[in-house]
Amino acid sequence: MTFTILGTAAAEGWPALFCPCAACEEARKRGGKDIRRRTAYQLGDRIHIDLGPDTYAQMLEFGLRYDRLEHLLITHSHEDHLCPAELGYRRRGFAVALPEDAMMTIYGNEQVEARIRAAGLELEECKAQFQRTRPFEPIDLGEGVTATPILADHAGEEEAVNYVLEREGRTLLQGNDTGWWPEESWEFLAGQTLDIAITECTYGPKPGGKHHLGVHEVLEVRDQLAKLGALASDCRIVTTHFSHNGGWLHEQLCEFFEPEGIEVGYDGMKLIL
Ligand SMILES: [Zn+2]
Ligand SMILES: [Zn+2]
Ligand SMILES: [Zn+2]
């Protein structure tokens with residue numbers, strides 16, 4: 001099943017909306033892998049992760065069919081990961097031929113639910129229902145796919161999560177907006193054999209803060225996962241969630257990561273789960 005990375009930028013995109021910094025100007029000039037949209041992923045036709053401000057543009061760019069979605073997993077309520085208003089376009093009058101019995105389940109924490117409710121949407125009218133996630137409790141997504149939310153250290157009091165997806169014995173870790181995972185999450189990961197580990201790299205060459213990582217912390221995450229025996233021998237480690245504040249363009253990130261056997265993510269990158 002194809003897992004597509006639909007966006008690899010931090011909150012403001014890269015080039016950032018209103019930013020003329022050197023890294024943004026260079027990205028505008030180079031285009032291609034240096035154009036980074038806000039975070040989202042899609043697994044097959046039915047499963048999508050996060051619904052940020054680039055949701056519509058990603059549908060066009062990557063030929064997606066959101067009318068076929070059955071499961072929408074939200075990592076946390078930050079605005080680069082959740083734009084509740086977009087859900088309103090599933091209502092009658094906007095999605096005129098969406099089948100009467102279509103139903104999309106949205107998964108998320110308390111704050112995700114609160115932001116969706118605050119948008120004033122009747123989920124029933126959107127042919128959607130909400131299911132609260134509980135850290136480390138697996139969610140059955142049908143067709144042999146499960147998603148288990150693990151706790152991130154990212155959004156203060158909010159229970160921000162990352163998802164571990166499994167299908168037919170293969171395992172993928174979706175790790176943007178992680179911070180340094182709390183102990184329970186490392187313990188959970190110690191029991192996994194990851195075939196694909198996506199890890200965030202918001203700050204590029206600059207030191208990571210409390211809620212995001214930079215290139216050096218990516219290496220620490222890789223080493224910690226290896227120490228815990230959580231990586232399959234041919235595990236692909238892929239970086240994402242880059243901010244222009246880091247300054248390194250795709251090429252420079254590749255120069256740093258290639259000798260480490262780590263791949264630099266880009267919008268439209270396809271992986272197999
Ligand atoms: Zn983010
Ligand atoms: Zn900039
Ligand atoms: Zn965030």
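We count ligands from 1, going down the list as the structure has it; atoms in each ligand are counted the same way.
Distance check, rounded to the nearest 0.5 Å: CD of Gln174 to OG1 of Thr39 gives 8.5 Å.
The Zn ion (ligand 2) lies closest to atom ND1 when only the N/O/S atoms of His244 are considered. For His78, the N/O/S atom at the shortest distance from the Zn ion (ligand 3) is named ND1.
Taking the charged nitrogens against the carboxylate oxygens, Arg30 and Glu251 do have a contact shorter than 4.0 Å, which makes a salt bridge. By the 4.0 Å N-to-carboxylate-O rule, Arg37 lies close enough to Glu61 to be salt-bridged with it. By the 4.0 Å N-to-carboxylate-O rule, Lys210 lies close enough to Asp153 to be salt-bridged with it.
The aromatic ring centroids of Phe242 and His212 lie 6.0 Å or more from each other.
Angle OD2 (Asp177) to the Zn ion (ligand 1) to NE2 (His81): 100°, rounded to 10°. Annotation: angle subtended at the Zn ion (ligand 2) by Cys19 SG and Cys21 SG is 110°, to 10°. With the Zn ion (ligand 1) as the vertex, NE2 (His241) and OD2 (Asp80) define an angle of 110°, rounded to 10°.
Distances from the Zn ion (ligand 3) show that His211 has no N/O/S atom below 2.8 Å.
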